[in-house]
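Down below is the structure, laid out as structure tokens.
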Number of protein chains: 2
Amino acid sequence: MGTTQLETVPEPKYWHLKTVLSEALDSDFSVGEILPNERELAARFGVARATLRQALEQLELEGRLQRRRGVGTTVAPPRMGVDVSTSQHSWPGAADDAWVPVGSALAAPPAAVSRMLGTPLGDELHVVRRTRMTHGQPVAAELLYVPAASVPELPAVETPSGQVRARTVLRELQRLGLEGQDRAVELGSARADDAKELDRLPGAPVLVVTTRYFAEGRTAAVSVATYRADTCRLTFGDSGDLEISHHDAPAAHAS
Amino acid sequence: MGTTQLETVPEPKYWHLKTVLSEALDSDFSVGEILPNERELAARFGVARATLRQALEQLELEGRLQRRRGVGTTVAPPRMGVDVSTSQHSWPGAADDAWVPVGSALAAPPAAVSRMLGTPLGDELHVVRRTRMTHGQPVAAELLYVPAASVPELPAVETPSGQVRARTVLRELQRLGLEGQDRAVELGSARADDAKELDRLPGAPVLVVTTRYFAEGRTAAVSVATYRADTCRLTFGDSGDLEISHHDAPAAHAS
DNA sequence: TAGTGGTCTAGACCACCCT
DNA sequence: GGGTGGTCTAGACCACTAC
């Protein structure tokens, strides 16, 4: 291990701060413990509050910290594994899969969803809102888009328009023979309504899971589920008990 | 008494700004086009540069923008779908799966990896670095951890320690009968070395895909792959041609 | 060398939670 | 009311890229 590096790269302060804080979290704090407030931490490290906040934001993004306005900053528990495996060949709302129907209404979907469903842009369809709970905490908010053609038996009149109607739409869906589904995951930021559902601020980072359900030779429904990125690790397969601490642990670097 | 409360909730400036910019991107700009610089944009909207930057950061997080120091801010193309489906029952490096071996060395893995492999903490093992290219762009950097027990035929001496050795380790891996694998996805921030590989700044948001490979009744190898979160949408199944524009499009809100 | 985004500062005020 | 994190400002300097 030769003394390789010159002084070439001045590391940003917030980056160094993040490292220091991360190590402090490992050694001096336990889960749930609250940290000193931002003004004091900034003073203690001799930086501006904005700089300190940049470090805290990174740590929150990595799921190490949890910050709540009016309360404080606490050490977050390890991320929970949330199973999103696609193996189960069943419609949403079938065996009750930890999702709780919240409501339903007729509305026009975003353009991207229209495209996937092959419905004319601006066409209204059933939109079912559901929430996924794990350990008593909301971890995901979902919008399920169901074209009227997929639930032909459903009365066209829109009377209940609430939780009751949501259950009705889901029940009607089960009639269709599910032929397959596929899934995509990407990073997004929470819309205001999803953020509220997830107990986060608007713009919070989320993992967006888009699922297409196939039946009768076409895309019969589309689900857009937003998972809290700070608290969730999405698992595919039987890796639910995987325990990953943090990706930024001291790493082995291959040349 | 029709006190229809307007504006009881003042929307943060950066949030409103993000919305305005997002719409402008849709209507007035095309992919690859460069935006006015930050100082001018801030002046044009009558906000401080820091506030404008908060909006730009959000848009970059959502994959709408791309910013490069010394160059400018450009409109990003839609995210590319990257297949990470686990169906293919093959070891990494088998049918050459768009991954390019970069190097290999002996090193001690992070604690979380040791735990998954069941190797003593601090034990050295083979660490293979690979890069995944798509459309000529690097989209992912991977560290593949292989315990010596999984490649018994490999000479213990560490001579080549480069790309040659990486290929050797991968070739030896194929000898084992792969019994299964599972996968987990979570949000992380790029370490300095991964960031360099991905042509991003340290701390850039990445999707971390952790894969466990099972053989001979145990976990025979672990892969930690970090994908650029700004440019990639991870797809599972045959949804590679899915085209999702942006999750924040005008949405239908169910009650 | 000129222009870009990235980092940093030292303040101020606001929204929210608790007691 | 007192304390927390969230937003915002108006500057300054630095690192990088391209010409």
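The sequence lines fix the lettering, A, B, ..., with proteins before strands; numbering per chain opens at 1. Keep in mind the model is a prediction, meaning the values are calculated, not measured.
In this structure, CG of A:Leu56 is placed 14 Å from P of D:dT7, rounded to the nearest angstrom. Between B:Arg200 atom CZ and D:dC16 atom C1' there is a gap of 14 Å when expressed in whole angstrom units. Atom CG of B:Leu65 and atom P of C:dG5 are 11 Å apart (whole Å). If you take CD of B:Gln54 and P of D:dC8, they are 6 Å apart, rounded to a whole angstrom. Spacing between atom CG of A:Leu52 and atom P of C:dT7 amounts to 15 Å, rounded to whole angstrom units. Nucleotide C:dT7 holds its C1' atom 11 Å from the CD atom of B:Glu57, rounded to whole Å. With rounding to whole Å, A:Ile34 atom CD1 is found 16 Å from C:dC17 atom P. A:Leu41 places its CG atom 13 Å from the P atom of D:dG6, with the value rounded to the nearest Å.
Note on A:Arg68: only backbone sugar-phosphate atoms sit closer than 4.0 angstrom, heavy atoms only; bases stay farther off. Residue A:Leu201 is classed as a sugar-phosphate contact, given heavy-atom separations below 4.0 Å to backbone atoms only.
The shortest side-chain heavy-atom distance between B:Met80 and B:Thr134 falls under the 4.5 Å cut-off.
Side-chain contact of B:Tyr14 with B:Arg53: a donor-acceptor pair under 3.5 Å is absent, judged by distance alone. For the residue pair A:Gln66/A:Thr74, the side-chain donor-acceptor check at 3.5 Å is not satisfied. If you check the side chains of A:Arg79 and A:Thr231, you find no donor sitting under 3.5 Å from an acceptor.
For B:Ala48, whose side chain is taken as the heavy atoms from C-beta onward, the closest listed nucleotide among C:dT9, D:dT9, C:dA15 is D:dT9. When distances run from any side-chain atom of A:Arg39 to the nucleotides D:dA10, C:dC13, C:dG6, the shortest one goes to C:dC13. Proximity note for B:Arg69 (side chain, C-beta onward) versus D:dG6, C:dC8, C:dT4: the nearest is C:dT4. For A:Thr51, counting side-chain heavy atoms from C-beta on, the closest listed nucleotide (C:dT7, C:dA15, C:dT9) is C:dT9.
Contact between the side-chain N/O atoms of A:Asn37 and the OP1/OP2 oxygens of D:dG3 is not found at any separation under 4.0 Å. Taking side-chain N and O atoms only, B:Arg67 has a distance below 4.0 Å to OP1 or OP2 of C:dG6. For D:dA10, neither phosphate oxygen OP1 nor OP2 lies less than 4.0 angstrom from any side-chain nitrogen or oxygen of B:Arg49. Of the side-chain N and O atoms in A:Thr73, one or more sit less than 4.0 angstrom from OP1 or OP2 of D:dG5. In this model, the phosphate group of D:dC8 is not approached by any side-chain N or O of B:Tyr14 to a distance below 4.0 Å at OP1 or OP2.
The shortest non-hydrogen separation linking B:Ala166 to B:Pro101 is CB-CB, 3.9 Å.
Of the residues near DNA chain C, A:Lys13 and A:Gly70, the one whose nearest nucleotide (by heavy atom distance) lies more toward the 5' end is A:Lys13.
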